[in-house]
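Letters go in sequence order (proteins before strands), and every chain restarts at 1.
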Amino acid sequence: MKETIEKLVDQALEQLISDSMIESKPALQITRTKDASHGDFTCNVAMMLAKQAGKPPRDIAQAIIDAMQSDGSIARVEIAGPGFINFFLAQESTLTIINDIIEGGDRFGESNAAGNEKVQIEFVSANPTGPLHVGHGRGAAYGATLATLMRAVGFDVDCEYYVNDAGRQMNILATSVWLRYLELSGIEFTFPVNGYKGDYIFDIAESIRSHHADSFVFPADTIFQEIHADEGEDGGDKEKHIDDLITRARQLLGNDNYQQVFKAGLNSILDDIRNDLEDFGVHYDNWYSEQSLADRGLIGKAVEQLQRAGHVEERNGALWFLSTKFGDEKDRVIIRDNGQATYFASDIAYHMDKFDRGYQRLINIWGADHHGYVARVKAAIGALGASEEKLDILLVQFANLYRSGERVQMSTRSGSFVTLRELREEVGKDAARFFYVMRKCEQHMDFDLDLAKSQSNDNPVYYIQYAHARICSVIEQLTEKQLKHDLENGSNNLNLLVEKHETSLISKLDAYADTVHKSAFNEEPHLLVHYLRELATLLHSYYNAHQFINEDADLHDARFNLIIATRQILRNGLTLLGVSAPEKM
RNA sequence: GCCCCGGUAGCUCAGCUGGAUAGAGUGGCCCCCUCCUAAGGGGCAGGUCACAGGUUCGACUCCUGUUCGGGGCACCA
């Protein structure tokens with residue numbers, strides 16, 4: 001419908017150009033009106049042309065209308081306010097949407113607007129050093145929803161999790177597991193301040209004991225001989241202490257056994273994260289190992305490529321990437337003076353590999369605390385000769401949890417944080433998924449736990465689901481009352497739908513496909529959330545005002561067509577959000 | 001000090017990339033079930049869009065400054 005109007009206005013503008021009333025066409029905006037008294041669609045082009053034409057906008061609007069061909073789908077056109085051109089659709093042309101939806105079914109709203117462009121969305125990618133917490137949950141919900149939305153409009157999307165399975169944090173994890181194993185084996189010592197203290201470490205240690213019994217045990221004085229003092233002791237330093245312990249673990253265990261402990265920790269936590277996300281309805285196409293970058297020599301390759309391009313310089317024994325040449329605020333080390341590659345070097349290699357795998361567009365979803373890395377990663381991409389615009393880095397702001405009006409305190413190291421799993425168990429998957437995408441991602445969010453789990457009208461999830469269940473229930477009534485719904489007869493009598501509640505519901509249904517399109521292209525799932533709530537409101541309101549089951553068979557059938565179409569849209573929209581559409585509540 | 005995000009109704013947030021009298025939900029007050037689920041609906045009250053300039057036909061929206069809140073500024077991962 002929008003396209004039809006666009007075409008009409010465009011033709012009229014061409015006419016005005018050939019009449020040399022105006023010189024050029026501005027970007028045409030045909031938008032849906034907020035207020036029904038302004039018609040169905042409106043166009044502001046007359047006001048945009050006022051300056052170049054040197055005429056009052058209302059005069060230009062009139063000229064446009066005069067130049068416009070008539071079209072059966074438009075009942076009338078008006079000039080309003082400062083110069084808006086308002087379009088009122090003919091009733092028959094608005095009604096077609098009902099049949100379109102019923103025919104389209106579960107796939108209504110989908111399109112191929114993106115033409116199968118290959119996109120990768122990388123999200124969550126939390127270090128596998130412990131369970132996911134509620135902060136990761138927002139990234140997970142947002143990424144998964146965005147992927148679904150983008151697929152719906154024709155992007156060829158792969159979801160990827162970058163597993164940070166290399167580096168110091170993982171060694172701290174392995175060492176923590178080993179130390180807990182030693183404790184379980186009866187060795188007595190003080191657990192390092194900087195070690196991972198969560199209960200899950202004990203679980204992993206326990207499983208190692210059950211497989212390897214005492215074979216990884218060493219006496220305490222052998223282990224702690226010449227280890228730098230821990231924080232809290234004389235001259236103690238928690239970083240040096242833990243690093244010494246890592247070195248000691250490798251010495252005593254030997255590479256093979258150390259790797260066994262390391263892998264036990266990594267695999268156990270990774271499995272947990274996988275299951276957690278799967279239960280949250282978040283599916284990945286790839287789990288990409290950081291370690292594999294080094295194993296395949298990709299880091300060296302990336303460094304070489306930067307060197308060849310002349311963007312690298314040696315200073316004080318370290319190798320620096322001259323990122324300031326590409327807009328970063330300072331240059332960054334990629335190979336340390338001890339010969340080790342930095343995390344950033346892996347990141348460069350990783351992004352290079354993403355492009356090598358043929359993605360035309362990359363989306364990274366990061367926590368807001370990583371914004372400092374945006375400039376350097378983009379710089380690296382520029383330096384490697386790829387185009388920066390192809391990488392979109394979306395920063396998701398933090399979510400604060402509230403319970404009984406109080407902010408829930410979280411701290412990671414101590415182990416007293418709220419995990420995603422706990423959140424799911426408390427409020428349920430549907431509410432969690434919904435609440436996380438209710439706000440746009442750059443907005444700080446207050447997550448009200450009490451509201452999310454309340455099974456009442458206060459809760460927007462239930463409100464929308466209830467609209468769906470309510471329609472199902474009405475349809476159920478038909479069989480109970482031994483009544484029927486004749487779809488074809490309904491379709492022939494849609495013109496009976498003249499009540500205000502009906503026309504506004506129909507107009508809302510007509511906006512669904514646009515909403516999906518816009519949500520996907522703008523990367524803003526919250527637009528769909530708001531749409532669904534508005535749709536649910538219209539349905540509830542209609543329900544209260546009019547009886548669907550009606551003695552007038554034609555009206556009865558037409559109304560059922562309308563609510564069946566509404567149910568379809570509610571279901572399709574909820575499905576895109578990863579939220580269930582229950583038939584009974 | 002520099003950088004990113006935000007400041008809209010008592011509270012939580014929208015505001016369609018600059019358009020018509022600023023919208024929802026929630027909380028407050030009032031009303032509606034002999035009727036398809038009241039997990040619902042209808043109404044009233046509630047605003048100097050943080051502040052000050054600027055850009056223009058027109059600004060909550062764009063620019064500059066100020067201010068308040070959150071986060072970030074490693075040869076850590």
Taking atom [atom2] of [N] as reference, at what distance in whole Å does atom [atom1] of [X] sit?
| X | N | atom1 | atom2 | answer |
| --- | --- | --- | --- | --- |
| A/Leu527 | B/rC13 | CG | P | 17 Å |
| A/Ile172 | B/rA77 | CD1 | C1' | 9 Å |
| A/Met47 | B/rA20 | CE | P | 9 Å |
| A/Arg439 | B/rU8 | CZ | P | 13 Å |
| A/Tyr531 | B/rC13 | OH | C1' | 21 Å |
| A/Glu290 | B/rA77 | CD | C1' | 8 Å |
| A/Tyr466 | B/rU37 | OH | P | 8 Å |
| A/Asn194 | B/rA77 | CG | C1' | 12 Å |

What nucleic acid atoms does [X] come within less than 4.0 Å of, heavy atoms only: base, sugar-phosphate, or nothing?
| X | result |
| --- | --- |
| A/Asn86 | base |
| A/Met445 | sugar-phosphate |
| A/Ala318 | base |
| A/His526 | sugar-phosphate |
| A/Ser541 | sugar-phosphate |
| A/Asp446 | sugar-phosphate |
| A/Lys584 | base |
| A/Ala467 | nothing |
| A/Asp35 | base |
| A/Ala545 | nothing |
| A/Asn316 | base |

Checking [X] side chain against [Y] main chain: does a donor-acceptor pair fall under 3.5 Å?
| X | Y | value |
| --- | --- | --- |
| A/His540 | A/Tyr463 | yes |
| A/Asp165 | A/Glu290 | yes |
| A/Asn316 | A/Ala318 | no |
| A/Asp230 | A/Gly236 | no |
| A/Asp557 | A/Asp486 | yes |

Could you work out the separation of [N] and [M] based on their [atom1] atoms and round it to a whole Å?
| N | M | atom1 | answer |
| --- | --- | --- | --- |
| B/rU55 | B/rG15 | C1' | 22 Å |
| B/rA24 | B/rG46 | C1' | 14 Å |
| B/rC57 | B/rU66 | C1' | 30 Å |
| B/rG10 | B/rA39 | C1' | 26 Å |
| B/rC3 | B/rG43 | P | 49 Å |
| B/rC62 | B/rC5 | P | 11 Å |
| B/rC63 | B/rA77 | P | 37 Å |
| B/rU8 | B/rG47 | P | 14 Å |

Is any side-chain nitrogen or oxygen of [X] closer than 4.0 Å to OP1 or OP2 of [N]?
| X | N | answer |
| --- | --- | --- |
| A/Lys34 | B/rA20 | yes |
| A/Arg533 | B/rU26 | no |
| A/Arg58 | B/rC57 | no |
| A/Gln443 | B/rU12 | no |
| A/Tyr463 | B/rG41 | yes |
| A/His530 | B/rG25 | no |

Q.
Check this for me: does the side-chain of A/Thr42 come within 3.5 Å of the base of B/rA20 through a donor and an acceptor?
A. yes

Would you mind pulling out the nucleotide paired to [N], Watson-Crick or G-U wobble, both distances under 3.5 Å?
| N | value |
| --- | --- |
| B/rC2 | B/rG72 |
| B/rU48 | none |
| B/rG10 | B/rU26 |
| B/rG53 | B/rC63 |

Using 30° and 60° as the class boundaries, would you call the ring planes of [X] and [Y] parallel, tilted or perpendicular?
| X | Y | value |
| --- | --- | --- |
| A/His501 | A/His546 | perpendicular |
| A/Tyr373 | A/His370 | tilted |
| A/Phe548 | A/Tyr543 | perpendicular |

Q: Flag the pair A/Asp331 and A/Lys325 as a salt bridge only when some basic side-chain nitrogen lies within less than 4.0 angstrom of an acidic carboxylate oxygen.
A: no

Q: Would you mind checking if A/Asp448 and A/Arg403 are paired as a salt bridge, meaning a charged N to carboxylate O distance below 4.0 Å?
A: no

Q. Taking the nucleotide of RNA chain B with the closest heavy atom to each, which residue, A/Ala469 or A/Trp320, is nearer the 5' end?
A. A/Ala469

Q: Report the residue (A/Pro82 or A/Arg32) whose heavy-atom-nearest nucleotide on RNA chain B is the more 5′ of the two.
A: A/Arg32

**Q.** In B/rC33, glycosidic geometry as syn within 90° of 0 or anti otherwise
**A.** syn

Q | For B/rU61, glycosidic torsion class - syn if within 90° of 0, otherwise anti | A | anti

Q) Looking at the rings of A/Tyr162 and A/Tyr350, which for Trp means the six-membered one, are their centres under 6.0 Å apart? A) yes

**Q.** Aromatic centroids of A/Tyr161 and A/Tyr288 separated by under 6.0 Å
**A.** no

Q: Would you kindly say whether A/Gln482 and A/Thr479 are connected by a side-chain donor-acceptor distance under 3.5 Å?
A: no

**Q.** RNA chain B contacts among residues 551-558 of chain A, heavy-atom distance under 4.0 Å
**A.** none

Q. Quick one: what's the B/S/- string for nucleotides 68-73 of chain B, heavy-atom cutoff under 4.0 Å, read 5' to 3'?
A. -BSBSS

**Q.** Check: A/Arg336 and A/Leu319 side chains under 4.5 Å, non-hydrogen atoms
**A.** no

